[in-house]
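Here is the structure we will look at, set down as structure tokens.
Hydrogens, waters and symmetry mates are skipped; everything else that's a heavy atom, side chains included, is used. Naming: A, B, ... by sequence-line order, numbering from 1 per chain.
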Number of protein chains: 2
Amino acid sequence: MARRRGSHSDITGPKIREAALRLIAQHGCAAVSMRKIAEDVGLQVGALYNYTPDKQSLLFDLMETHMVDLLAELGKLPALDGPIEQLDQFVRFHITYHLPRRDEVFVSYMELRNLSPENFERIQALRSQYEGALEAILEAGEASDDFTFTDRHITTLSIIAQLTGITNWYREDGRLTIDEVATIYCDLIQRSVASAQA
Amino acid sequence: MARRRGSHSDITGPKIREAALRLIAQHGCAAVSMRKIAEDVGLQVGALYNYTPDKQSLLFDLMETHMVDLLAELGKLPALDGPIEQLDQFVRFHITYHLPRRDEVFVSYMELRNLSPENFERIQALRSQYEGALEAILEAGEASDDFTFTDRHITTLSIIAQLTGITNWYREDGRLTIDEVATIYCDLIQRSVASAQA
DNA sequence: GTCTATAAAATGATAGAC
DNA sequence: GTCTATCATTTTATAGAC
């Protein structure tokens, strides 16, 4: 087997993170050894420790990157006027961003319990930021009488769970495109919060 | 340390399953060793193998028991006439059954990937049965013009995800009782499927 | 039914050669 | 930056005494 020597840190780093993400999403963090990750990349175990101080940091890096990227993309959305349009935009954004990133979603939701307390808090803070964006839309809609609900915060969490659950069943080769799924959920969610029509 | 000797299989069995359920829910299956489970119960490792042939069977047993119990309880619900009442009943049942069983829910949703293919199929079959119960209600509501939606099956999965997500944030000592949560979700979900009023 | 002891393999992480 | 080699633990599971 040919061995590559020399400096590869700019390409090896991402390859390690990709492999770790895929393997951890598939089997769970504790079930994936550093050896398996190294083998998947084509390295020996020891080499991994040039890229991460330990396994915990690698896991945290994956989750933090996902949340930071998510928030960055959310921030790039054009500002819309009405809460109804904003809600549609958020729902479509959530679905189109998450569905092609199933591994990231799996890891970010299932491996929270394997984070150290400090790392857990940092991820939770990012997650709260994201939830806050949706909650602000619901609040605006409440103020404008477009939306009505019993409890704004719970409605926020309910919608996020509803949307994130899609990653558990959606298949790229299934009968629906991502856009079609988004349309279905826009309808479901708009109806669940819409004020009664006069 | 005092040692108990003799036959305890009728009490030790459940204790092992309880400990395994709690520890696996907390840390994930691969992160919990048979030693930790034994220690939690107050046994030595070897003794566990009187109750389960291996770790995989123990995990499967926990998940299968949860699903079978869930379906049994669902089957005990009184038959109601209208789809609207049936939907309320299902939503309330799901919430009141699942919220006091967070560990079972966690394990049943997060450890699917650690099951062998055959065991996975058996759990999926039970889960489909449960989803089918909700889908039948939605179908009845469609037929009676009480409900309207773009896609019945996706609406089913969406509602289940929405409901199951509650276990991720609900706290017994929080500001809402289980009944209050159920009422909020009945409202959200009924509105999301209700046909437009004449 | 539980214990002790052990086998055989795998694990996270480090040291030092190249 | 990667390799080889190694350490100290821990792992699942089994065997046999009591």
Starting at atom [atom1] of [X], determine the distance to atom [atom2] of [N], rounded to an integer number of angstrom.
X       : N      : atom1 : atom2 : value
A/Leu48 : D/dT4  : CG    : C1'   : 15 Å
B/Ile11 : C/dT2  : CD1   : P     : 11 Å
A/Ile37 : C/dT11 : CD1   : P     : 11 Å
B/Ile16 : C/dT2  : CD1   : P     : 7 Å
B/Lys36 : D/dT9  : NZ    : P     : 16 Å
B/Gln44 : D/dA17 : CD    : P     : 19 Å
B/Asn50 : D/dA17 : CG    : C1'   : 14 Å
A/Leu58 : C/dG12 : CG    : P     : 11 Å

Given [options], the nucleotide with the shortest approach to the side chain of [X]:
X       : options              : answer
A/Met34 : C/dG12, D/dT2, C/dC3 : C/dG12
B/Tyr49 : D/dT2, D/dA13, C/dT2 : D/dA13
B/Tyr51 : D/dA13, D/dT4, C/dG1 : C/dG1
A/Ala47 : C/dT2, D/dT4, D/dT2  : D/dT2
A/Leu43 : C/dG12, D/dC3, C/dC3 : D/dC3

Discussion item. Looking only at the aromatic ring of each residue, does the gap between the centers of B/His94 and B/Tyr185 stay below 6.0 angstrom?
Written reply: no
Practice prompt. Compute whether any side-chain donor of one residue and acceptor of the other, for A/Ser192 and B/Ser192, lie under 3.5 angstrom apart.
Written response: no
Worksheet item: Should A/Thr12 be listed as having a side-chain N or O under 4.0 Å from OP1 or OP2 of D/dG1?
Response: no
Worksheet item: Does B/Ser33 have a side-chain nitrogen or oxygen under 4.0 Å from the phosphate oxygens OP1 or OP2 of D/dT10?
Response: no
Item to complete: Give a yes or no on whether a salt bridge exists between B/Lys15 and B/Glu18, defined as a side-chain N under 4.0 angstrom from a carboxylate O.
Response: no
Worksheet item: Is it true that A/Arg191 and A/Asp187 have a side-chain N and a carboxylate O under 4.0 angstrom from each other?
Response: yes
Practice prompt. Kindly indicate whether a cation-pi arrangement holds for B/Arg92 with B/Phe90, taking the cut-offs as under 6.0 Å to the six-membered ring centre and within 45° of the axis.
Written response: no
